[in-house]
Protein chains: 2
Amino acid sequence: MTADHVFTALASPARRELLRLLLEEGGQPAGRLAERFDMSRPSVSEHLRVLKDAGLVSESRQGRERHYRLEAAPLMEIRDWLSPYERFWREKLANLTDLLDEMEDHGQDS
Amino acid sequence: MTADHVFTALASPARRELLRLLLEEGGQPAGRLAERFDMSRPSVSEHLRVLKDAGLVSESRQGRERHYRLEAAPLMEIRDWLSPYERFWREKLANLTDLLDEMEDHGQDS
DNA sequence: ACTATACGTAGGTTTTTTCCTACATAACAA
DNA sequence: TTGTTATGTAGGAAAAAACCTACGTATAGT
């Protein structure tokens with residue numbers, strides 16, 4: 001729910017893989033997701049819980065299955081967190097290209 | 001150096017705070033950074049090492065100080081990782097606004 | 001009602017992370 | 001040289017994370 005939870009959730013490769021599966025293949029029941037991992041089903045279940053606590057997936061019961069689907073909104077918080085760093089990166093890149101242009105100007109006249 | 005390292009580095013609030021300080025106040029020696037934390041200096045030093053392994057900071061020796069500065073490039077990998085999810089998010093949002101428009105059309109004629 | 005299926009939860013072990021207090025190293029200063 | 005400052009490294013304790021194997025619960029099917 002907080003940005004902290006989101007960052008923590010994204011730190012695990014298994015959880016990032018879960019998000020990828022939900023993105024590329026759409027929402028799925030827990031069992032079908034678990035099949036794709038070289039890991040016990042309860043462990044996958046726990047990863048899903050972490051993702052859910054971070055608001056990155058939602059769960060809906062359908063019969064005896066639990067359908068999980070991607071909730072991308074919290075990732076937009078990450079994007080926002082990232083943006084000042086992106087600005088910083090761009091400025092640095094701009095300075096570099098300016099420098100290169102200047103070197104070129106000095107290297108060849110006219 | 002890998003995306004995995006970057007995600008792991010970002011998972012810690014202390015390390016994100018280090019990045020923020022380096023972004024907002026510019027590069028600084030290790031000791032000055034450590035002062036800002038309610039944590040022992042060696043612990044901060046270790047966090048800096050994790051950030052360095054992820055390529056998020058660079059270190060340069062200046063006399064007996066070690067100057068750390070922000071390296072934002074690896075964060076651009078995170079941004080790239082994020083982008084397909086952003087697309088997903090936008091589509092969902094578009095569907096929602098379409099639905100709302102449709103409801104409005106039916107609610108009031110012309 | 002009974003069995004099978006789809007899950008989450010409990011409890012415990014192993015691994016990883018985080019943090020600390022010494023201690024080592026290297027540079028500057030007198 | 002001798003002392004002081006800046007900082008990383010070692011070693012270890014404590015907390016957190018990641019797994020696993022039972023086990024519990026609820027729904028579906030017969």
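What you are looking at is a predicted structure, and each value in this text was computed from that prediction instead of being measured. Chain identifiers are assigned alphabetically (A, B, ...) following the order of the sequence lines, protein sequences preceding nucleic acid strands; residue numbering begins at 1 within each chain.
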Which residue lies toward the 5' end of DNA chain D, R64(A) or S12(A), if each is placed at its nearest nucleotide?
-> S12(A)
Value in whole Å for how far the C1' atom of dT18(C) lies from CG of D53(B) | 16 Å
Heavy atoms under 4.0 Å, any strand shown: does Y68(A) hit a base, just sugar-phosphate, or nothing?
-> sugar-phosphate
In whole angstrom, what separates D4(B)'s CG from dA18(D)'s P?
-> 12 Å
Whole Å only: how far is the CG atom of L33(B) from the C1' atom of dA6(D)?
-> 13 Å
When the distance from CG of L48(A) to P of dC7(C) is rounded to whole Å, what number comes out?
-> 10 Å
Hey, is R69(A) close enough to E71(A) for a salt bridge, meaning N to O under 4.0 Å?
-> yes
Is the closest basic N to carboxylate O distance between R20(B) and E24(B) below 4.0 Å?
-> yes
Interatomic distance where CD belongs to E46(B) and C1' belongs to dA10(D) [whole Å] | 10 Å
Considering only heavy side-chain atoms of T8(B), the closest of dT7(D), dT17(C), dG8(C) is dT17(C)
For the side chain of A30(A), starting at C-beta, report the closest nucleotide among dC19(C), dC20(D), dC7(C).
-> dC7(C)
What nucleic acid atoms does P42(B) come within less than 4.0 Å of, heavy atoms only: base, sugar-phosphate, or nothing?
-> base
Using a cut-off of strictly less than 4.0 Å, decide whether S40(A) has a side-chain nitrogen or oxygen near OP1 or OP2 of dC20(D).
-> yes
Using atom types as modelled and distance alone, determine if a side-chain donor or acceptor of R15(A) lies under 3.5 Å from a backbone N or O of T8(A).
-> yes
Where each residue is assigned the nucleotide of DNA chain D containing its nearest heavy atom, which of V44(A) and E65(B) is assigned the position nearer the 5′ end?
-> E65(B)
Phosphate contact (dC7(C) OP1 or OP2) by R61(A) side-chain N/O below 4.0 Å | no
Side-chain (R16(B)) to main-chain (L10(B)) donor-acceptor, under 3.5 angstrom = yes
Indicate whether OP1 or OP2 belonging to dA6(D) is found under 4.0 Å from a side-chain N or O atom of H67(B).
-> no
Here the distance between atom P of dT7(D) and atom CD of Q28(B), to the nearest Å, is 11 Å
Are any of the side-chain nitrogens in R41(B) or E46(B) under 4.0 Å away from the carboxylate oxygens of its partner?
-> no
Donor-acceptor pair under 3.5 Å: do we get one between R41(A)'s side chain and the base of dG8(C)?
-> yes
Integer-rounded Å distance: dT16(C) C1' and F7(B) CZ = 19 Å
Interatomic distance, H47(B) NE2 vs dT9(D) P [rounded to whole Å] = 15 Å
Under 4.0 Å between a side-chain N/O of S43(B) and OP1 or OP2 of dT18(C), yes or no?
-> no
